[in-house]
Amino acid sequence: MLSIHTIKALEKNLKSLPKETCLGLVPTMGALHEGHASLFKKAVEENDHVVVSIFVNPTQFNNNSDLEKYPKTLDADIKLIHSISPNILIFTPTTSEIYSSAVESNNYDFNGLDKVMEGEFRDNHFNGVGTIVEALFTIIKPRKAYFGEKDFQQLCIIQKLTEIQKLGVKIIGCPIVRESNGLAMSSRNERLSPEVRQQAGFIYQSMLTAKHKFGTESVLKTKEWITTEFKNNPNFELEYFEITDIDTLTPIKERIKETKYRAFIAVFADDVRLIDNIALN
Ligand code: PAF
């Protein structure tokens, strides 16, 4: 069995597991890479049984062409998952299996976490993410679920979702995996030309310098520096660079002692939108 397409077949399979099985889930949209592989490895280490879902969720795309262009590499995905463990169960539902009546998202109150950065530039994106993650948790009932820190804002919102909807799943964030030049691994990197992909190490290098500057200079100065760096590099267009505290994700103007901060960036390269983030202290 390579993958399971229906909820019924998945439930049947999960029911056959011993009662106390610790079940881990890694939700994905496919087009898998080493970043995903690190989540699968961790999930396999920490659970008796692991489900990986592959589903390109339409309600989290605010742009149809982005949805259409999303890479689909199912055969290679299955190979990669099974190279980590042949026992991982792969769930590949169709859209009608997940959205039986209408392809619409629920409306959640994420206490403002969804109003900044990605939420500001991608209308309704996080309601779509919340809808699919809640659906998968309800169908699969995992004890733990694994998400990458590359989508740090998504990770915070999923923690919140689990809390407000009382889903009873332990959310585990996993470190960003980077290409050799520092570019954060992403399924979208495949859409970059080889030259731009190589040059895109510039994004992480800028973040590292910003982190260094944040140690001694003001928030404003750090942001101005990044803006100028990107203005001087025609290959990359800066959409936003924000410094936020890690609990509320509210962009700050001034730093307060004893508070943990993170920097977030979104950049266009070759018409491909890339995001990244870094802990500042
Ligand atoms: O990060 C992703 O790939 C997606 O947003 C997720 C969490 C699988 C939901 O579709």
Side-chain angles (χ1 to χ4, degrees), residues 3 7 10 24-40 42-43 50-64 66-74 76-77 80-81 88-95 97-99 103-106 108 110 113-114 117-119 121-140 142 144-162 165 167 169-177 184-191 249 264 266 272-277:
S3 71
I7 295 172
L10 180 75
L25 168 67
V26 189
T28 81
M29 298 207 296
L32 304 177
H33 49 70
E34 283 307 307
H36 294 108
S38 73
L39 306 183
F40 306 152
K42 194 163 167 67
V50 172
V51 177
V52 169
S53 62
I54 299 178
F55 178 65
V56 183
N57 172 38
T59 63
Q60 70 186 77
F61 287 82
N62 59 327
N63 175 331
N64 257 344
D66 210 19
L67 172 61
E68 276 155 23
K69 278 194 228 151
Y70 205 85
K72 290 176 190 68
T73 56
L74 188 60
D77 292 350
L80 184 133
I81 296 168
I88 295 176
L89 200 60
I90 306 175
F91 181 45
T92 52
T94 58
T95 302
E97 193 70 16
I98 295 288
Y99 294 97
V103 185
E104 279 170 5
S105 55
N106 305 330
Y108 298 99
F110 293 124
L113 290 173
D114 57 331
M117 301 187 290
E118 291 305 283
F121 288 91
R122 301 179 71 188
D123 194 30
N124 211 40
H125 169 68
F126 288 119
N127 277 326
V129 171
T131 305
I132 181 61
V133 171
E134 181 169 9
L136 291 170
F137 283 5
T138 308
I139 298 163
I140 298 165
K144 300 179 195 160
Y146 296 77
F147 298 88
E149 286 185 348
K150 198 203 88 188
D151 297 296
F152 193 87
Q153 188 176 6
Q154 166 175 283
L155 175 64
C156 297
I157 283 172
I158 291 169
Q159 301 261 24
K160 188 78 184 170
L161 172 83
T162 310
Q165 300 298 95
L167 300 175
V169 180
K170 183 167 183 205
I171 305 301
I172 296 167
C174 304
I176 299 174
V177 180
M185 287 209 181
S186 162
S187 310
R188 291 166 186 246
N189 295 356
E190 294 299 325
R191 285 169 47 202
L249 300 186
F264 295 82
V272 181
R273 191 170 180 279
L274 302 170
I275 60 170
D276 201 350
N277 66 85

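Just follow the structure's listing: the first ligand is 1, and inside any ligand the first atom is 1.
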(message) Below 30° counts as parallel, above 60° as perpendicular, anything between as tilted: where do the rings of His36 and His33 land?
(response) tilted
(request) Number the atoms of ligand 1 from 1 as they appear, then name those within less than 4.0 Å of a heavy atom of Gln60, with their elements. (result) 4 (C), 5 (O), 9 (C), 10 (O)
(request) Give the atoms of ligand 1, by number and element, whose distance to some non-hydrogen atom of Gln154 is under 4.0 Å. (result) 1 (O), 2 (C), 4 (C), 5 (O), 7 (C)
(message) Is a donor from one side chain sitting under 3.5 angstrom from an acceptor on the other, for Tyr99 and Asn57?
(response) yes
(message) Show the atoms of ligand 1 that are less than 4.0 angstrom away from any heavy atom in Pro27.
(response) 8 (C)
(request) For residues Ile171 and Phe137, determine if any side-chain heavy atom of one lies less than 4.5 Å from a side-chain heavy atom of the other. (result) yes
(request) Please identify which atoms of ligand 1 are closer than 4.0 Å to at least one heavy atom of Ile132. (result) 9 (C), 10 (O)
(message) Side chains of Thr59 and Thr131 only: does a donor on one sit below 3.5 Å from an acceptor on the other?
(response) no
(message) Side chains of Glu118 and Gln153: any donor to acceptor distance under 3.5 Å?
(response) no
(message) If I apply the N/O under 3.5 Å rule, does Asn57 come out as touching ligand 1?
(response) no
(message) Starting from atom 3 (O) of ligand 1, what is the nearest protein heavy atom, named by residue and atom, and what distance separates them?
(response) Met29 CG, 3.7 Å
